[in-house]
Amino acid sequence: MSSISDHNPIHAMKVPIIDLSHLSRQDFYEKSLVIKEIHEACQNSGVFHVINHGIPKSVIDEALEVNQKFFDLPGIMKEEILELGSRDPFSPVKLARFQHSALGSDLLQRDVLRLQAYPFEDFVDLWPKHPADYREKMGRYTAEIKKLAIQVFVAIMESLNLDATYLKENFEKGMQLVATNSYPSKSISDIKIGTPPHTDFGIITILVQTAPGLQVMDSLDGTWKDAPKLEGSLQVFVGDLLEVLSNGMYKSVMHQVIVPSTNKTRMSIASFHSFEFDEIVEPAKKLVDEEGVKRYRGCSSKELLKLIFSRALDRPIDALQI
Ligand code: OGA
Ligand code: NI
């Protein structure tokens with residue numbers, strides 16, 4: 001795996017910062033500047049910060065806290081969840097300890113609680129019962145993030161020169177899969193704490209984290225760069241299915257997490273957004289016509305997740321290239 005050979009990042013990545021308050025302005029010129037910034041961010045980095053996103057700090061902090069409390073529960077209280085998702089990778093709620101090899105022979109470990117979050121009513125009864133305010137606080141957070149994701153999706157469609165309404169309804173009723181990652185502070189023997197290199201499957205991911213550790217592959221020189229955390233911002237990642245939809249104009253970004261062993265527990269919440277599970281995503285016809293070549297075959301979230309879970313390829317999306 002050449003992509004992970006250089007794991008001593010020396011540089012921090014300049015992750016673009018997009019001020020979302022400009023999007024809602026009536027001023028056409030101001031809005032078009034932000035759309036242009038989003039275009040460049042998606043094309044050049046595949047990841048960007050959003051600030052002035054309108055989600056109250058308390059909603060974000062409480063979601064992180066309640067997840068921390070969930071992971072701190074004694075094992076017996078988490079068992080109901082463990083039981084639920086033990087076998088089926090597509091279970092709507094799943095708690096798992098992942099250990100994947102990366103960085104040569106090292107093992108990277110993290111705990112993940114994965115929840116389907118949209119429509120809320122369909123899934124909330126399966127979410128953890130403990131802590132008692134888990135459902136309320138995560139319900140509030142996931143609803144706010146879904147609204148933000150729709151706003152960002154529309155802006156991304158415009159940044160591709162597509163209609164603001166292009167696939168908007170499909171995205172609105174589409175899936176929201178939320179992964180809460182817990183990176184415990186202590187490394188066990190030679191196991192390191194982190195997430196191996198990967199791209200995210202969906203259209204976009206919205207991420208919040210409590211501590212540094214995230215690294216992003218710089219597509220220009222193929223090296224890992226630290227992606228610093230910015231207080232109050234959320235990070236948006238281009239996912240595999242956006243790469244398909246944009247006919248390769250935007251590429252899903254490789255990222256990984258390496259948690260320094262001195263850190264206290266690091267938490268993150270990744271919210272993956274896409275269309276409905278079985279819906280086939282195709283490159284937008286307008287972009288294919290403009291370029292005169294269709295670069296990817298259509299693929300659903302379900303099919304792509306199967307490819308990802310099989311862990312047969314570094315970049316599962318390569319299997320979709322024509
Ligand atoms: C993920 C992910 C990053 C992090 O869950 O897909 O990339 O900071 N998480 O935990
Ligand atoms: Ni990821």
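Both ligands and their constituent atoms are indexed starting at 1 by order of listing.
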Item to check | Pairwise distance OG(S219) to CG(N44) - rounded to 0.5 angstrom | outcome: 7.5 Å
Item to check | Test of ring centre spacing under 6.0 Å for F90 and F277 | outcome: yes
Checklist entry - At the Ni ion (ligand 2), what angle lies between atom OD1 of D200 and atom NE2 of H198, rounded to 10 degrees? => result 90°
Checklist entry - Does a sphere of radius 6.0 Å around NZ in K173 hold more than 12 heavy atoms from other residues, nucleotides or ligands, not counting ones at 6.0 Å or beyond? => result yes
Item to check | Check: L177 main-chain N/O paired with R114 side-chain donor or acceptor under 3.5 Å | outcome: no
Checklist entry - Counting only N and O atoms by type, is there a donor-acceptor contact under 3.5 Å from the side chain of S300 to the main-chain atoms of E303? => result yes
Checklist entry - Does the separation of the ring centres of W127 and F70 fall below 6.0 angstrom? => result no
Item to check | Contact residues of ligand 1, where a non-hydrogen atom lies under 4.0 Å away | outcome: N181, Y183, H198, D200, L207, Q209, H255, V257, R266, S268, A270, F272
